[in-house]
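Let me begin by presenting the structure, written as structure tokens, before commenting on it.
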Amino acid sequence: MYMTDKWEGEEHFNIKRFKYLEFYVGNAKQIVHFYRSTFGFAPYAYCGPETGVYSHVSYVLKCRKIFFVFTTPIKSSHPASDWLKKHGDGVRDIAFDVEDVDFVYESCMKRGAISNSKPNTSEEDGPFSIASIKTYGDTIHSFIDNSKYKGIWAPKFKKLILPEINTTDSKLVLIDHVVGNVEWDKMDYWREYYENVFGFGTFVRFDDGDISTQYSALKSVVLRSKNWKIKLPINEPAKGLKKSQIEEYLDFNEGAGVQHIAILTDDIITSIANLKNNGVDFLDIPDTYYDDLSKRVGGIDEDIKKLKELNILVDRDEYGYLLQIFTKPLQDRPTLFIEIIQRKGSKGFGQGNFQALFESIEKAQGERGNL
Ligand code: FE2
């Protein structure tokens, strides 16, 4: 394993933060209800036939600094229809907030990016600029500059107003990292793509030997922007005794794509208690995980009994520790899931939890007959 907090990238332009994640889904209207009632998102904006958009609908939901966009095609000719037929519900767009869309797009293209859509600026309600490039699978990165935009969300959107529902606050704050699963032997290809196109630096790397237990194995690299706001781990399958969980993902997703979204909280115990109360289904962790936890991670502020009760995992690196927990897949295909994470100094991703996690994931994988 390799880990460094030294900046080893070469920043070509500033990416301010994750702007939003856009999901292509089969029925946005109903999925919006799920993310409101379980994760505590609030309605924000909408486009569809009522706003002059006749090919698809998009619902924007907000939770503090997190924006999720759920898009459903309402015409078979919309590209999202093909996307859904192949992949099922999942993340289409990991969008970034930038200062100058034209410059960022041209800069990426010069260094070998694959274009998805050229820069376009709408002047209705002030300037709104967007361009996009392709990444692994059928995933894209949009670049957005709406710093002087006066409208709601984007052109053709209106405020989304829905009946109130009862839910407890999940205390979720912002997107910490977004993980992609790529095909066998493609991890380094995409690492180079991010290093070259974005100038990102690699700050964590695990090879075969690091994350292969008696269970299924994976390789992983983590890329980041200079300001640490963007962290993008990329996994590929590795050979193990059993089928890699990454390979199972690739089979069900019919290709590479986003595996999980990690969301940051300042208070994971309250977050998880409330999310469970709202009906979010998390992975079960074997009770034995907690037996020698304090020996593995040393002193922590939280009550281990409480962590065990809520199935929260803990891991430590040289910078501090982190607490994390993973949901079960959020759709019928065992593809995308969400991680809730609280960082207490740690810059890692829970490497030490892989063994405990694998046992739990593989129990579920076994129940589906995919080991
Ligand atoms: Fe993660």
Side-chain angles (χ1 to χ4, degrees), residues 17-47 57-72 89-95 97 152-153 157-179 229 231 258-285 302 306-307 309-313 322-332 335-344 350:
R17 61 186 74 84
F18 288 111
K19 185 76 179 171
Y20 60 81
L21 296 178
E22 182 178 20
F23 300 67
Y24 277 170
V25 295
N27 188 342
K29 189 171 204 160
Q30 291 187 2
I31 284 166
V32 157
H33 188 81
F34 172 82
Y35 278 90
R36 292 179 68 204
S37 60
T38 55
F39 288 94
F41 280 79
Y44 192 77
Y46 168 85
C47 77
V57 295
S58 290
Y59 294 74
V60 184
L61 299 187
K62 178 176 192 264
C63 184
R64 295 192 176 79
K65 294 175 182 169
I66 311 159
F67 288 95
F68 281 0
V69 182
F70 296 96
T71 295
T72 291
D89 291 4
V91 174
R92 158 66 169 167
D93 188 358
I94 304 164
D97 202 349
I152 290 178
W153 187 249
F157 276 77
K158 65 171 187 176
K159 194 170 183 263
L160 174 61
I161 298 166
L162 293 168
E164 292 235 351
I165 57 169
N166 244 333
T167 176
T168 38
D169 187 355
S170 59
K171 307 268 182 197
L172 303 180
V173 179
L174 68 102
I175 296 167
D176 184 86
H177 59 274
V178 180
V179 184
K229 300 279 187 195
K231 284 166 281 185
V258 172
Q259 178 212 39
H260 76 264
I261 301 158
I263 301 177
L264 207 63
T265 170
D266 299 327
D267 177 4
I268 198 162
I269 291 187
T270 305
S271 286
I272 303 310
N274 291 354
L275 289 167
K276 287 194 170 179
N277 188 44
N278 291 344
V280 177
D281 202 3
F282 290 98
L283 284 185
D284 300 319
I285 304 302
E302 294 73 15
K306 196 86 205 163
L307 298 177
E309 192 185 302
L310 293 168
N311 275 334
I312 296 169
L313 303 166
L322 62 79
L323 304 119
Q324 65 185 167
I325 185 169
F326 300 86
T327 70
K328 290 183 180 162
L330 294 162
Q331 56 292 309
D332 291 302
T335 50
L336 178 72
F337 57 90
I338 283 181
E339 169 186 354
I340 310 295
I341 182 169
Q342 181 176 6
R343 292 186 182 277
K344 293 202 154 176

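Keep in mind that this is a model prediction, so the values were computed, not measured.
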[atom2] on [Y] to [atom1] on [X], rounded to 0.5 Å:
X: Leu21; Y: Ile94; atom1: CG; atom2: CD1; value: 6.5 Å
X: Cys47; Y: Trp153; atom1: SG; atom2: CH2; value: 11.0 Å
X: Leu172; Y: Ile268; atom1: CG; atom2: CD1; value: 9.5 Å
X: Lys62; Y: Phe41; atom1: NZ; atom2: CZ; value: 11.0 Å
X: Ile263; Y: Ile175; atom1: CD1; atom2: CD1; value: 6.5 Å

Could you walk me through whether Val25 and Phe34 pass side-chain contact (heavy atoms from CB on, under 4.5 Å), step by step?
CA-CA 12 Å; Val25 295; Phe34 172 82; over 6 Å; no

Is there side-chain contact between [X] and [Y], with heavy atoms separated by less than 4.5 Å?
X: Tyr59; Y: Ile31; value: no
X: Val57; Y: Thr71; value: no
X: Tyr20; Y: Asp93; value: yes
X: Ile269; Y: Gln342; value: no
X: Asn311; Y: Asp284; value: yes
X: Phe337; Y: Gln259; value: yes

Minimum heavy-atom distance [X]-[Y], with the two atoms named:
X: Thr265; Y: Val173; value: CA-CG2, 4.3 Å
X: Phe18; Y: Lys229; value: CE1-O, 3.5 Å
X: Lys328; Y: Phe282; value: CE-O, 3.5 Å
X: Thr72; Y: Ala28; value: OG1-N, 2.8 Å
X: Cys63; Y: Phe39; value: SG-O, 4.4 Å
X: Val60; Y: Leu160; value: O-CD2, 4.0 Å

Can Asp176 and Arg343 be counted as an ion pair, charged N to O under 4.0 angstrom?
yes

Evaluate the criterion side-chain contact (heavy atoms from CB on, under 4.5 Å) for residue pair Val91 and Leu336; output intermediate values, then yes/no.
CA-CA 8 Å; Val91 174; Leu336 178 72; 4.0 Å; yes

Can you tell which of [options] makes a side chain to side chain contact (heavy atoms under 4.5 Å, CB included) with [X]?
X: Val280; options: Ile338, Thr327, Leu330; value: Thr327
X: Glu302; options: Leu310, Leu323, Ile312; value: Leu323
X: Pro43; options: Leu162, Ile161, Val32; value: Leu162

Can you name the side-chain hydrogen bond (donor to acceptor under 3.5 Å, both in side chains) partners of Asp267, sequence neighbours left out?
Thr270

What pairs with Glu339 under side-chain hydrogen bond (donor to acceptor under 3.5 Å, both in side chains), at least two apart in sequence or on another chain?
His177, His260, Gln324

Which side chain to side chain donor-acceptor pair (under 3.5 Å) pairs, counting each pair once, include a residue from residues 162-171, with sequence neighbours left out?
Arg64-Asp169, Thr167-Asn278, Thr168-Asn278

Derivation and outcome, ring-ring contact (aromatic ring centres under 6.0 Å, His included), residues Phe70 and Tyr35:
CA-CA 10 Å; Phe70 296 96; Tyr35 278 90; 4.8 Å; yes

